Amino acid sequence: MIKLPERPSHLREDYHLLSISDYSPEALHTLLSAAALLKRQPSQVAQLACGKTLAMIFEKPSLRTRVTFEVAMVHMGGHAIYLQPSDIGLGKREPVKDVARNLSRWCQAIMARTFSHQSILELAEYATIPVINGLSDREHPCQALADFLTFSEHKASLAGRKLAYVGDGNNVANSLMLLAAKLGVHFSIACPAGFAPMAEIIEEARAVGADTGAVIEVTADPVAAVTRADAVYTDVWTSMGQEEEAAERKRLFPPYQLNAALLKHAKRDAIVMHCLPAHRGEEITEDVLEGPQSAVLDQAENRLHAQKAVLAIAFGWTPPTR
Ligand code: CP
Ligand code: NVA
């Protein structure tokens with residue numbers, strides 16, 4: 001179980017953000033409080049990354065992840081290098097372990113968006129600098145942190161709240177389910193048969209929920225999932241790397257569309273969440289995405305603050321404990 005650093009250190013070789021699974025509930029609460037603090041008081045870490053460079057490896061496209069990590073580094077006086085797929089050919093032009101060990105000699109942290117979660121794990125195994133998962137086929141932990149920061153801003157206290165998710169049980173759903181469980185937030189996900197989150201993640205979330213009080217539900221019924229929810233979340237039906245399944249997914253997923261009729265089953269003041277990019281008319285309708293309950297731009301903004309907290313800790317900043 002990864003713990004947050006207890007005392008300042010220049011660089012922590014053992015500090016990574018690979019999966020929500022690796023963090024204790026206490027560490028996650030501290031991370032979220034740290035993100036909220038840095039949102040209010042960015043000057044706390046204004047010079048922290050002076051002279052430091054973040055290497056950003058991307059095997060897939062990105063708007064939010066790329067820009068927010070780069071902006072976070074600039075705000076802290078540091079620098080980020082964008083490495084697109086054709087630049088390094090992770091695992092093709094050279095092995096993942098060579099990329100990890102080379103970058104460790106020049107840079108102070110790595111953020112990677114990969115197809116395979118195994119590549120993230122391998123980077124962390126061989127790097128001697130912190131590695132941050134910027135999305136893999138298994139998880140999107142930075143997104144989940146920003147999302148729960150957003151949820152807490154809209155709902156004051158998260159205890160006993162319900163987050164509903166409709167659609168594909170994908171990387172985003174996996175991280176949300178794990179983080180909900182760790183924070184004691186009820187999580188209900190509705191997906192077509194065969195598209196639920198990974199069984200091991202459901203099992204882990206339920207085991208954690210037994211301690212924190214979070215109820216984790218997996219159903220095929222979108223109305224059941226959304227009923228009395230405080231937040232309703234959806235994501236694309238076809239994630240990056242699954243393009244060959246797009247036609248079949250478009251056939252199966254329409255009953256899981258987040259539209260006004262489905263949203264009516266949630267609490268009247270429920271917020272609407274989406275990690276973006278959104279496919280209007282597929283997983284979410286234009287009126288709901290752009291409607292008064294939508295928090296999607298707050299989520300996007302909070303990527304910056306959540307990741308700044310992760311980076312600041314990686315660079316030796318000690319966040320106040322709760
Ligand atoms: N939500 C998210 O990760 O967006 P990008 O794919 O644009 O980075
Ligand atoms: N599930 C989506 C998230 C994009 C931010 C994907 O992996 O493509």
Side-chain angles (χ1 to χ4, degrees), residues 17-20 35 54-73 80 82-85 110-120 132-151 163 165-179 189-192 195-198 201 231 233-246 248-250 252-253 256-258 271-280 282-284 289 294-308 310-311:
L17 176 55
L18 312 179
S19 162
I20 297 293
L54 171 71
M56 304 193 297
I57 299 172
F58 281 94
E59 290 192 313
K60 305 173 185 175
S62 170
L63 171 69
R64 280 147 291 273
T65 306
R66 178 192 173 175
V67 175
T68 50
F69 268 104
E70 187 157 345
V71 170
M73 286 301 289
Y82 172 62
L83 299 161
Q84 60 181 332
I110 298 171
M111 189 282 301
R113 166 167 289 191
T114 61
F115 285 102
S116 161
H117 190 69
Q118 191 53 40
S119 300
I120 300 274
I132 301 165
N133 179 355
L135 182 147
S136 66
D137 57 357
R138 177 191 162 100
E139 274 197 60
H140 197 358
C142 296
Q143 182 70 51
L145 288 169
D147 294 339
F148 275 90
L149 175 60
T150 308
F151 197 9
L163 172 61
Y165 181 106
V166 285
D168 187 23
N170 60 17
N171 43 11
V172 171
N174 286 340
S175 287
L176 288 172
M177 177 183 278
L178 288 169
L179 189 47
I189 180 166
C191 341
F195 293 91
M198 295 158 72
I201 293 192
Y233 203 118
T234 192
D235 183 17
V236 292
W237 293 338
T238 301
S239 286
M240 294 179 280
Q242 299 173 330
E243 288 76 10
E244 74 286 357
E245 299 172 22
E248 175 68 353
R249 286 168 175 267
K250 275 190 193 170
L252 291 170
F253 279 87
Y256 297 85
Q257 183 187 65
L258 178 50
I271 58 168
V272 167
M273 305 184 79
H274 193 306
C275 58
L276 304 179
H279 293 171
R280 291 162 166 84
E282 292 187 17
E283 77 275 3
I284 192 164
L289 185 72
S294 177
V296 300
L297 292 175
D298 296 333
Q299 293 173 257
E301 181 192 333
N302 283 337
R303 294 291 304 276
L304 172 65
H305 308 297
Q307 290 156 200
K308 196 186 281 183
V310 171
L311 287 168

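Atoms within each ligand, like the ligands themselves, are counted from 1 in listed order. The shown structure was predicted, so the numbers you read here are calculated from the model rather than taken from an experiment.
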Checklist entry - Judged by non-hydrogen atoms, does Lys60 sit under 4.0 Å from ligand 1? => result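 For ligand 1, residue contact (heavy atoms, under 4.0 Å) with Lys60 is absent.
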So, taking the atom named [atom1] in [X] and the one named [atom2] in [Y], what distance separates them when rounded to the nearest 0.5 Å?
{"X": "Ser239", "Y": "Asp168", "atom1": "OG", "atom2": "CG", "answer": "5.5 Å"}
{"X": "Thr114", "Y": "Phe58", "atom1": "OG1", "atom2": "CZ", "answer": "11.0 Å"}
{"X": "His305", "Y": "Leu145", "atom1": "NE2", "atom2": "CG", "answer": "13.5 Å"}

Checklist entry - If you measure only the distance, is there a donor-acceptor pair under 3.5 Å linking the side chains of Glu283 and Thr234? => result no
Next on the checklist: Distance alone, cut at 3.5 Å: any donor-acceptor contact between the side chains of Ser19 and Glu139?
Outcome noted: yes
Item to check | Distance-only N or O hit between ligand 1 and Leu135, under 3.5 Å | outcome: no
Checklist entry - Based purely on interatomic distance, does Met240 place a nitrogen or oxygen under 3.5 Å from a nitrogen or oxygen of ligand 1? => result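 No, no N or O pair falls under 3.5 Å.
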Please confirm whether [X] comes within less than 3.5 Å of ligand 2 when only nitrogen or oxygen atoms on both sides are compared.
{"X": "Asp235", "value": "yes"}
{"X": "Met240", "value": "yes"}
{"X": "Arg113", "value": "no"}
{"X": "His140", "value": "no"}

Next on the checklist: At less than 4.0 angstrom from any non-hydrogen atom of Ser62, what atoms of ligand 1 do you find?
Outcome noted: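 Per the distance check, 5 (P), 6 (O), 7 (O), 8 (O).
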Item to check | Atoms of ligand 1 close to Cys275 [distance to a heavy atom under 4.0 angstrom, numbered from 1] | outcome: 1 (N)
Checklist outcome for this item: Of His274, Gln299, His140, Arg66, the residue with the heavy atom nearest atom 3 (O) of ligand 1 is His140
For residues [X] and [Y], determine if any side-chain heavy atom of one lies less than 4.5 Å from a side-chain heavy atom of the other.
{"X": "Trp237", "Y": "His279", "answer": "no"}
{"X": "Gln143", "Y": "Leu135", "answer": "no"}
{"X": "Met56", "Y": "Leu83", "answer": "no"}
{"X": "Leu63", "Y": "Leu276", "answer": "no"}

Closest approach of any protein heavy atom to [atom], naming residue and atom:
{"atom": "atom 7 (O) of ligand 2", "result": "Asn171 ND2, 2.8 Å"}
{"atom": "atom 6 (O) of ligand 1", "result": "Arg113 NH1, 2.8 Å"}
{"atom": "atom 4 (O) of ligand 1", "result": "Arg64 NE, 2.8 Å"}
{"atom": "atom 2 (C) of ligand 1", "result": "Arg303 NH1, 3.3 Å"}
{"atom": "atom 7 (O) of ligand 1", "result": "Leu63 N, 2.6 Å"}

Next on the checklist: Here's a test for you: under side chain to side chain contact (heavy atoms under 4.5 Å, CB included), which of Val272, Val166, Ile271, Val172 qualifies with Tyr233?
Outcome noted: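 Only one option passes, and that is Val172.
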Checklist outcome for this item: In ligand 2, the atoms that come under 4.0 Å of a heavy atom of Asn170 are 1 (N)
Checklist entry - Hey, is Leu135 touching ligand 2 through its side chain, its backbone, both or neither, going by heavy atoms under 4.0 Å? => result side chain
Item to check | Candidate list Glu59, Gln118, His117, test side-chain hydrogen bond (donor to acceptor under 3.5 Å, both in side chains), partner Ser136, passing option | outcome: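 Exactly one candidate clears the test, His117.
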Checklist entry - What do you reckon, does Leu276 put a non-hydrogen atom under 4.0 Å from ligand 2? => result yes
